[in-house]
Amino acid sequence: MIRVAVAGAAGRMGEAVCAAVTDAADMELVGRADPALGTTLEEVLTGTEPPDVVVDFTRPDTALGNALSCVRAGVHVVVGTTGFDPAPLGQARPADGRPRANVLIAPNFAIGAVLMMRFAAEAAKHMAKAEIIELHHDQKLDAPSGTAARTASLMDGDVPIHSVRLPGLVAHHEVILGDVGQTLTIRHDSTDRTSFMPGVLLAVRRVATLERSPTIGLEHLL
Ligand SMILES: NC(=O)c1ccc[n+]([C@@H]2O[C@H](COP(=O)([O-])OP(=O)(O)OC[C@H]3O[C@@H](n4cnc5c(N)ncnc54)[C@H](O)[C@@H]3O)[C@@H](O)[C@H]2O)c1
């Protein structure tokens with residue numbers, strides 16, 4: 001059994017991850033950290049039943065600190081939080097006597113979104129210009145989305161990103177490529193947060209075996 005704790009357990013994504021971990025036959029939910037639940041990540045990491053893996057879906061201003069705490073504690077961490085600079089994780093080391101711990105960061109755990117990124121990168125090699133429209137619910141803290149930024153970074157050329165925030169939306173990305181007399185549109189829609197769960201569970205199962213840390217992108221596990 002993989003012992004899993006969730007940071008941001010009371011949030012929209014965190015609640016979905018807690019449910020998915022509870023339903024997974026090979027995992028045990030051993031901790032739920034969230035200020036809204038009165039439990040800190042430090043308490044979860046140092047408790048009587050420490051996790052093998054932490055899954056972080058928190059906020060852009062807390063994700064880096066949480067991931068560093070996990071690595072220092074020798075606990076693998078799967079990060080879904082977007083909108084922060086992961087560079088300091090390259091130097092993160094476990095505290096004395098703690099085992100090596102890996103970091104997997106994915107701006108999007110939905111398989112369709114991973115495919116969208118791959119197809120957009122391929123299409124950009126063949127078409128003159130491209131722009132991205134990303135649309136999310138109006139509680140999302142960061143803009144542009146991590147997925148849009150990652151998609152643009154994988155594409156040739158300068159790719160402007162337009163952000164839409166409205167109630168009723170979940171997570172939607174549209175890459176529009178233009179060339180003489182034609183356009184190509186590649187679109188992915190997450191209409192429900194369950195779309196992310198198979199990717200999150202895959203990351204939990206595989207994070208301990210990563211050869212490089214941090215690893216960025218679910219595509220490295222597929
Ligand atoms: N990678 C993906 O596939 C994917 C998919 C959807 C959302 N996201 C990202 O996940 C993050 C969370 O999204 P959400 O909609 O669930 O947000 P949310 O606001 O619903 O939940 C965030 C939770 O984190 C808690 N929190 C804040 N600081 C904390 C800390 N230091 N330790 C533990 N918990 C803390 C908050 O109390 C809250 O309950 C965002 O960055 C979002 O962009 C990623």
Side-chain angles (χ1 to χ4, degrees), residues 4-21 29-47 51 54-70 72-73 75 77-86 103-117 134-151 161 163-173 188-204 207 214-222:
V4 182
V6 177
R12 284 172 289 260
M13 287 297 291
E15 281 192 344
V17 174
C18 287
V21 167
L29 183 65
V30 296
R32 297 190 305 149
D34 197 305
L37 301 172
T39 306
T40 66
L41 178 61
E42 291 302 329
E43 288 168 341
V44 166
L45 290 171
T46 58
V54 165
V55 179
D56 183 287
F57 280 97
T58 57
R59 301 167 48 97
D61 55 357
T62 59
L64 176 62
N66 284 355
L68 289 169
S69 297
C70 291
R72 281 192 210 108
V75 174
V77 57
V78 171
V79 183
T81 310
T82 55
F84 73 99
D85 179 6
V103 182
L104 183 283
I105 304 171
N108 202 310
F109 283 98
I111 179 68
V114 175
L115 292 170
M116 174 200 72
M117 290 186 241
E134 55 98 344
L135 311 92
H136 284 81
H137 60 90
D138 58 351
Q139 301 302 307
K140 184 171 174 62
L141 295 179
D142 55 320
S145 72
T147 303
R150 172 89 174 145
T151 306
I161 302 171
S163 300
V164 178
R165 298 288 176 266
L166 287 172
L169 295 167
V170 180
H172 315 263
H173 292 87
H188 178 259
D189 297 274
S190 274
T191 54
D192 190 280
R193 291 183 176 83
T194 51
S195 61
F196 304 114
M197 294 308 124
V200 172
L201 297 185
L202 174 70
V204 168
V207 65
T215 289
I216 298 179
L218 190 69
E219 61 272 24
H220 299 291
L221 305 186
L222 298 175

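Everything numeric here is computed off the predicted structure, so don't read it as measured data. When a ligand or atom number is given, it counts from 1 through the structure's own listing order.
For Glu134 (side chain) and Ala148 (main-chain N/O), no donor-acceptor pair under 3.5 Å exists by modelled atom type.
Checked against the 6.0 Å centroid threshold, His137 and His172 do not count as a close aromatic pair.
Note: Met13 CE to Cys18 SG = 11.0 Å, rounded to the nearest 0.5 Å. Atoms CG and CG, from Leu41 and Asn66 in turn, are 5.0 Å apart once rounded to the nearest 0.5 Å.
For ligand 1, the 4.0 Å heavy-atom shell contains residues Gly8, Ala10, Gly11, Arg12, Met13, Ala33, Asp34, Pro35, Phe57, Thr58, Arg59, Thr62, Asn66, Gly80, Thr81, Thr82, Ala106, Pro107, Asn108, Phe109, Lys140, Asp142, Phe196.
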task = May I have the step-by-step check of salt bridge (Lys or Arg N to Asp or Glu O under 4.0 Å) for Glu43 and Arg32, ending in yes or no?
result = CA-CA 10 Å; Glu43 288 168 341; Arg32 297 190 305 149; over 6 Å; no

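Between Glu219 and Arg150 there is a salt bridge, since a side-chain N of the basic residue sits under 4.0 Å from a carboxylate O of the acidic one.
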